[in-house]
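What follows is a single structure, written as structure tokens, with notes after it.
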Amino acid sequence: DLLGGALLIDLKERFPGLAVFGVGGPQMKAAGLDGPYDVNDLSVIGLVEVIRRLPGLIRVFRYLTNLLRQEKPNLLITIDLPDFNFLLARQAKKLGIPILHYVSPQVWAWRSGRVDKIARLVDHLLVLFPFEKEIYAHTALPVTFVGHPMVKTLQPWIDQRRDGTRRGAIRQSLGLDDDDK
């Protein structure tokens, strides 16, 4: 929701008449997303939880696939949640709807064999870390490094620390001694 909310704010600035529908949380809804379901309905961990919540997941999936068929959007933007979103992306691909996926799965940490699958499935990938572009370099997938959203949150700390004027206060607030690494 944090990523999607920030993305929608930027998109609405660039495209003032943009209509956005789908599934998101409070920040995305505040930024103009239209849709009855909350992204937290999709957040499940482990097989037992997936099975327990399967009826709700299927309901959300059907809602979204029906939206794709009825509305024929110019673009499907999926954000993180690869297990769910890549199933949805397959449906969009069948309908000829381009797919932009935001946040690469951590293929650099585990299950690296997904790189080629992702490259076949999505039309453009936005990544959080600069090294992730190289991971997809052997594919034809366009990959754009957009940076990690935490940078904006941490920027005041970074700026203060660079000039050295607040180094001691920052270290103290973090409980670090002057000689701690």
Side-chain angles (χ1 to χ4, degrees), residues 1-45 50 53-108 111-130 132-133 135-149 152:
D1 189 45
L2 175 71
L3 296 171
L7 179 63
L8 286 184
I9 289 169
D10 288 346
L11 288 173
K12 291 269 186 169
E13 285 177 9
R14 293 179 187 185
F15 308 101
L18 184 67
V20 183
F21 51 87
V23 174
Q27 292 188 39
M28 290 180 72
K29 289 181 181 186
L33 176 76
D34 182 22
Y37 294 103
D38 190 283
V39 71
N40 291 319
D41 297 333
L42 305 177
S43 298
V44 292
I45 299 173
V50 169
R53 297 191 42 203
L54 193 56
L57 293 169
I58 291 171
R59 187 171 34 258
V60 172
F61 187 78
R62 285 183 179 155
Y63 162 75
L64 291 169
T65 54
N66 284 335
L67 271 177
L68 291 174
R69 277 190 218 96
Q70 292 168 5
E71 300 293 332
K72 298 271 197 277
N74 294 325
L75 179 66
L76 170 66
I77 300 175
T78 55
I79 303 172
D80 210 358
L81 298 170
D83 293 329
F84 183 90
N85 281 325
F86 290 164
L87 289 173
L88 184 63
R90 279 190 192 97
Q91 298 302 311
K93 197 156 226 24
K94 290 177 188 175
L95 297 168
I97 299 167
I99 302 139
L100 172 79
H101 186 71
Y102 186 16
V103 183
S104 172
Q106 294 178 344
V107 293
W108 42 270
R111 292 175 56 196
S112 61
R114 296 179 293 170
V115 168
D116 292 325
K117 178 181 171 184
I118 294 165
R120 286 189 302 272
L121 185 59
V122 303
D123 297 299
H124 199 112
L125 182 64
L126 304 179
V127 297
L128 303 181
F129 303 105
E132 290 178 306
K133 281 185 74 166
I135 293 169
Y136 294 90
H138 72 278
T139 72
L141 177 64
V143 178
T144 303
F145 164 64
V146 295
H148 199 288
K152 288 182 183 177

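Ring geometry for H148 versus F129: interplanar angle of 30 to 60°, hence tilted.
Counting heavy atoms from C-beta on, the side chains of V39 and I79 never come closer than 4.5 Å. Between V20 and L11, the closest side-chain pair of non-hydrogen atoms is not below 4.5 Å. At a threshold of 4.5 Å between non-hydrogen side-chain atoms, the residues L128 and V103 count as touching. Between F86 and K117 there is no side-chain heavy-atom pair separated by less than 4.5 Å.
How far CG of L125 is from OG1 of T144: 8.5 Å, rounded to the nearest 0.5 Å. For the atom pair S104 OG and K133 NZ, the distance stands at 13.0 Å (nearest 0.5 Å). The CD atom of Q91 sits 8.0 Å away from the CG atom of L68 when rounded to the nearest 0.5 Å. If you take CD on E71 and CG on L76, they are separated by 13.0 Å, rounding to the nearest 0.5 Å.
The two residues L33 and G24 make their nearest non-hydrogen contact at CD2-N, 3.3 Å. Contact detail for F84 and V60: the closest heavy-atom pair is CZ-CG1, 4.1 Å. Residue G22 comes nearest to L64 through the heavy atom pair CA-CD2, 3.9 Å, listed as atom of the first residue, atom of the second, then distance. For the pair L75 and I77, the tightest heavy-atom approach, listed with the atom from each and the gap, is CD2-CG1, 3.7 Å. When all heavy atoms of Y37 and K29 are compared, the closest pair comes out as O-NZ, 3.4 Å. Of all heavy-atom pairs spanning M28 and G5, the tightest one is CG-N, 3.4 Å.
By the salt bridge (Lys or Arg N to Asp or Glu O under 4.0 Å) test, D1 is found to be paired with no residue, residues two or more places apart in sequence or in another chain being considered. Taking L2 as the reference, Q27 meet the side-chain contact (heavy atoms from CB on, under 4.5 Å) condition, with sequence neighbours excluded. Contacts of T139 classified as side-chain contact (heavy atoms from CB on, under 4.5 Å), with partners at least two apart in sequence or in another chain: V115, D116, A119, Y136, L141. With sequence neighbours excluded, no residue forms a ring-ring contact (aromatic ring centres under 6.0 Å, His included) with Y102. A search for salt bridge (Lys or Arg N to Asp or Glu O under 4.0 Å) contacts involving K93 returns D123, not counting sequence neighbours.
Identified under the side-chain hydrogen bond (donor to acceptor under 3.5 Å, both in side chains) test for residues 59-68, with sequence neighbours left out: N66-R69.
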Worksheet item: How far apart are the C-alpha atoms of E132 and V143, what are their side-chain angles, what is the distance that settles it, and do they pass the side-chain contact (heavy atoms from CB on, under 4.5 Å) test?
Response: CA-CA 8 Å; E132 290 178 306; V143 178; 5.8 Å; no

Discussion item. With side-chain contact (heavy atoms from CB on, under 4.5 Å) as the criterion, how do V127 and I135 come out once you've worked through the C-alpha distance, each side chain's angles and the decisive distance to 0.1 Å?
Written reply: CA-CA 11 Å; V127 297; I135 293 169; over 6 Å; no

